[in-house]
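Report on the structure given below.
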Amino acid sequence: MLTPSLRRAGTALAAGTALAVALTSCGGTTKNDVKADDASAASAGTADPDAPTKRGLTVGFLPKQVNNPYFTAADKGGEKALAELGSRYKEVGPNSATDTSAQVSYVNTLTQQQVDAIAVSAQDPGALCTALKQAMRGGIKVVTYDSDTGPGCRNAFVSQARAEDLGRTEVQLLARQIGYKGKIAILSAAQTATNQNTWIGYMKDELKDPRYRDIELVKIAYGNDDAQQSFQQTQGLLQEHPDLKGIISPTTVGIKAAAQYLSGSKYKGRVELTGLGTPNDLRRYVKNGTVDAFELWDPARLGDLAARTAVALASGRITGRQGETFEAGGRTYTLGENGVIDLGRPTVFDAKNIDRFHF
Ligand code: RAM
């Protein structure tokens, strides 16, 4: 279970404290309904850990949406890593986090362009699968990062943190903030998003613990990673449930919009808000008392690892099988079940430590 170092809102978290989370939890944000039907096809061939790292490769980054600062930071991390490795970076992607058909078209275009690898954050677990399988049949290595498809639709998934840890810790954070009592809601991203849906699954499971018996999850709203929609959804939640005690928003776009709404409303300080956000987006809301604590990983490190994983795959150093290891940025990573690679543990940010983080 969760770290004892996480304390009730308003009290200090040691600066830079990362969540000490259970190591027993399962892998990343892989949704169970997309089966590992042909995972073996995705990870065909044998890894040669001593194969030289290829240079001059082209890796196409395809985020859920390009105009989202979180993905800008993540993909910049990928760009920097590829420059270091002597390979080329390109980024394509839709403006909207719900434009699944555009994501499919971008996969097809990257396939036609015969890039060496694709790093994609999937808007929808199933929609991209056929296009990604075609890319893999054409010899392109596919890495999902941030939001997965299914194990058969890519070679490896670079997960920002263990999905179970993220889901459970967000409930734990909010429960402490509201004193284990009252109505809560979730403001999510797109209804199809693999990552958010997996985290929400763990949130619901965590809420089954008897210590949350006085907490009621009244609604899951979807702001589609759109600032305006997320703002309106927050407003709607409070109109529908004026006695709401807390909101979890596991999306950087959602939590920022919810903080904006709460901050300018009579609910400021009365409704607790936590979830996943960037320190730059939420700094002012932490300082003005709207948000006590929230969490995230470093998106640039996620993009960096996605790029290095793509190059390791394209170089034949790994194939995506469980137990394979590779070195990236001075660290050794081991592929877990279903080709999931965990970046590490998220960091909890609050008034005490937020000024040490600038992303
Ligand atoms: C948004 C996106 C992304 C998610 C972060 C936390 O930027 O939905 O997929 O990982 O929030």
Side-chain angles (χ1 to χ4, degrees), residues 19 28-31 61-78 91 93-100 103 119-125 127-128 143-149 157-167 169-170 173 186-203 220-227 229-231 233 247-259 273-282 291 294-303 305-306 340 342-349 357 359:
L19 285 178
T29 58
T30 302
K31 226 187 165 194
F61 269 70
L62 173 46
K64 274 185 187 172
Q65 62 181 154
V66 285
N67 54 346
N68 175 337
Y70 165 84
F71 285 111
T72 307
D75 292 5
K76 275 217 177 89
E91 188 201 50
N95 286 315
S96 154
T98 55
D99 196 351
T100 307
Q103 263 209 325
V120 56
S121 168
Q123 288 186 0
D124 180 299
L128 294 179
V143 179
T144 43
Y145 70 109
D146 178 72
S147 183
D148 200 10
T149 48
F157 169 48
V158 180
S159 175
Q160 46 271 67
R162 289 166 193 266
E164 178 165 1
D165 295 339
L166 284 173
T169 55
E170 281 164 45
L173 267 174
I186 295 171
L187 173 67
S188 190
Q191 210 158 348
T192 58
T194 327
N195 51 347
Q196 273 90 10
N197 286 340
T198 311
W199 301 329
I200 290 169
Y202 285 116
M203 288 179 206
I220 302 174
Y222 297 93
N224 292 329
D225 273 346
D226 175 273
Q229 286 180 46
S230 304
F231 187 93
Q233 288 294 325
I247 299 173
I248 299 175
S249 187
T251 133
T252 57
V253 180
I255 195 171
K256 183 184 179 190
L273 171 65
T274 192
L276 302 175
T278 70
N280 284 355
D281 278 346
L282 297 184
V291 176
F294 62 99
E295 57 185 337
L296 200 71
W297 48 93
D298 181 347
R301 282 195 54 226
L302 180 67
L305 187 55
V340 177
D342 281 313
L343 178 70
R345 292 174 181 170
T347 301
V348 176
F349 306 99
F357 297 93
F359 57 83

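Atoms within each ligand, like the ligands themselves, are counted from 1 in listed order. Excluded from the calculations below are hydrogen atoms, water molecules and symmetry mates; all remaining heavy atoms, backbone and side chain alike, are included.
Neither side chain, Thr194 nor Asp148, offers a donor N or O lying under 3.5 Å from an acceptor on the other.
Atoms of ligand 1 found under 4.0 Å from any heavy atom of Asp146, numbered from 1 in the order shown, are 3 (C), 4 (C), 9 (O), 10 (O). Here is the list of ligand 1 atoms found below 4.0 Å of a heavy atom in Lys64: 2 (C), 3 (C), 8 (O), 9 (O). Near Asn195, the atoms of ligand 1 lying under 4.0 angstrom from a non-hydrogen atom of the residue are 3 (C), 4 (C), 9 (O), 10 (O). Interface atoms of ligand 1 facing Gln160, defined by a heavy-atom separation under 4.0 Å, are 10 (O). Of all atoms in ligand 1, numbered sequentially from 1 with element shown, those under 4.0 Å from a heavy atom of Asn68 are 1 (C), 7 (O).
Heavy atoms of Trp199 approach ligand 1 to within less than 4.0 angstrom. By the 4.0 Å heavy-atom criterion, Gln196 is counted among the residues contacting ligand 1.
An N or O contact shorter than 3.5 Å is missing between Trp297 and ligand 1 by distance.
Given atom 7 (O) of ligand 1, the protein heavy atom at minimum distance is Thr252 OG1, 2.6 Å. The nearest protein atom to atom 8 (O) of ligand 1, hydrogens excluded, is given as Asp225 OD2, 2.6 Å; this is a heavy-atom distance.
In this structure, Phe61 has its ring center closer than 6.0 angstrom to the ring center of Tyr145.
Every residue two or more places apart in sequence or in another chain was checked for a side chain to side chain donor-acceptor pair (under 3.5 Å) with Glu91, and none qualifies.
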